Amino acid sequence: METSCVFCQIIRGEKPAEIVYRDETMTAFKDIHPHAPVHLLIVPRKHIRSLNDLTEEDQGIIAGMIFKARDLAREMGISKSGYKVLLNVERGGGQVIFHLHMHLIGGW
Ligand code: 5GP
Ligand code: ZN
């Protein structure tokens with residue numbers, strides 16, 4: 001856990017967010033500036049900077065996040081209409097929060 005990391009603060013409950021799912025490995029909450037009717041962020045509890053920093057031992061975490069994106073899309077009613085699952089990696093890839101997260105975007 002990093003004290004200055006916004007997503008670590010949300011995970012610890014120190015910063016408010018609209019949490020839609022939480023378990024021992026990940027938290028999912030609504031993006032504060034949504035780009036679509038449904039825009040969720042799926043975030044591992046473990047502070048990992050970006051996809052570049054994933055290790056072999058994190059395989060279960062990333063797999064769980066993908067399955068959770070699929071399940072949340074279904075719960076939000078956007079499975080059939082379609083959605084995007086995005087990982088922005090480092091500055092050139094559009095990453096601005098350096099705690100690994102997956103965007104679930106859809107509902108158009
Ligand atoms: P990135 O560009 O790093 O992949 O995406 C970061 C996302 O986090 C952005 O879509 C941004 O709107 C969202 N975000 C940044 N700060 C906060 C916050 O404090 N709360 C919430 N819920 N979302 C945030
Ligand atoms: Zn963090």
Side-chain angles (χ1 to χ4, degrees):
M1 289 284 166
E2 302 253 327
T3 48
S4 61
C5 170
V6 168
F7 286 177
C8 283
Q9 289 167 1
I10 289 173
I11 290 161
R12 283 198 298 263
E14 293 165 10
K15 186 176 164 62
E18 286 193 63
I19 310 254
V20 297
Y21 178 79
R22 195 195 323 248
D23 68 19
E24 62 286 350
T25 60
M26 71 183 108
T27 301
F29 49 88
K30 294 186 180 176
D31 196 292
I32 204 165
H33 298 304
H35 287 225
V38 174
H39 188 165
L40 301 181
L41 301 171
I42 301 166
V43 185
R45 287 190 64 81
K46 180 178 175 186
H47 181 89
I48 301 165
R49 177 183 164 92
S50 82
L51 188 61
N52 288 340
D53 303 283
L54 264 191
T55 65
E56 293 298 314
E57 70 178 25
D58 300 324
Q59 276 191 36
I61 295 177
I62 197 84
M65 288 165 64
I66 292 171
F67 279 102
K68 186 48 63 181
R70 188 269 315 265
D71 292 347
L72 285 170
R74 196 181 290 147
E75 281 174 35
M76 296 287 157
I78 60 170
S79 288
K80 292 276 154 40
S81 57
Y83 55 93
K84 296 178 195 287
V85 174
L86 285 180
L87 286 170
N88 295 328
V89 184
E90 295 296 335
R91 284 180 219 284
Q95 187 174 6
V96 296
I97 304 284
F98 294 98
H99 179 137
L100 179 71
H101 53 279
M102 194 175 275
H103 294 255
L104 170 63
I105 305 170
W108 302 280

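Note that ligands are numbered from 1 as they come in the structure, with each ligand's atoms numbered from 1 the same way. Not measured: the values here are computed from a predicted model. Atom set for the values below is all heavy atoms of this structure, side chains included, hydrogens, waters and symmetry mates excluded.
Contacts between V96 and ligand 1 below 4.0 angstrom, taking non-hydrogen atoms only, involve backbone and side chain alike. No part of F98 comes within 4.0 Å of ligand 1, judged by heavy-atom distances. Under 4.0 angstrom from ligand 1, there are no non-hydrogen atoms of L86. Only the side chain of H103 comes within contact range of ligand 1, with a heavy atom under 4.0 Å; no backbone atom does.
Distance alone, capped at 3.5 Å, places no donor-acceptor pair between the D58 side chain and the I61 backbone. The backbone N or O of I97 lies less than 3.5 Å from a partner atom in the side chain of Q95, making a donor-acceptor pair.
Closest approach of R91 to F98, counting heavy atoms only: NH1-CE1, 3.5 Å. Shown here for D23 and R45, the closest heavy-atom pair between the two residues is O-CD, 3.6 Å. Shortest non-hydrogen contact noted between S79 and R70 is OG-O, 4.4 Å. In this structure, I42 and K68 approach most closely via the heavy-atom pair CD1-C, 4.3 Å.
Remark: ligand 1 and N88 share an N or O pair separated by less than 3.5 Å (distance only, no angle test). Ligand 1 has an N or O atom lying under 3.5 Å from an N or O atom of D31, backbone or side chain. Taking distance alone, with nitrogen or oxygen atoms compared against 3.5 Å, G94 approaches ligand 1 more closely than that limit.
Close approach of ligand 1 to V6 is summarised as follows: ligand atoms under 4.0 Å from at least one heavy atom of the residue are 19 (O). Which parts of ligand 1 touch I10 is read off a 4.0 Å heavy-atom cut-off, strictly below it: atoms 20 (N). Annotation for ligand 1: atoms under 4.0 Å from non-hydrogen atoms of F7 are 8 (O). Every atom of ligand 1 with a heavy atom of H33 under 4.0 Å away is listed here by number and element: 12 (O).
Scanning all protein heavy atoms for the shortest distance to atom 15 (C) of ligand 1 gives I97 CD1, 3.9 Å. Taking atom 14 (N) of ligand 1 as the reference point, the nearest protein heavy-atom neighbour is I32 CG2, 3.8 Å. Of the protein's non-hydrogen atoms, the one nearest atom 19 (O) of ligand 1 is K15 CE, 2.9 Å. Counting only heavy atoms of the protein, atom 22 (N) of ligand 1 lies nearest to K30 O, 2.9 Å.
Considering I11, L100, T25 as possible partners of P44, the one that fulfils the side-chain contact (heavy atoms from CB on, under 4.5 Å) test is L100.
The Zn ion (ligand 2) is the vertex of the angle joining ND1 of H47 and SG of C5, which measures 110° to the nearest 10°.
The atom of H99 that is an N, O or S and sits closest to the Zn ion (ligand 2) is ND1.
For E90, the CD atom counts as densely surrounded, since its 6.0 Å shell holds more than 12 non-hydrogen atoms of other residues, nucleotides or ligands.
For the atom pair CG of L54 and NZ of K46, the computed distance is 8.0 Å after rounding to the nearest 0.5 Å. To the nearest 0.5 Å, the span separating CD on E14 from CD on Q9 amounts to 6.0 Å.
Between H101 and F7, the ring planes are perpendicular. Angles over 60° get that label, and only those under 30° would be called parallel.
Looking at Q95, H101, Q9, it is H101 that brings a heavy atom closest to atom 4 (O) of ligand 1.
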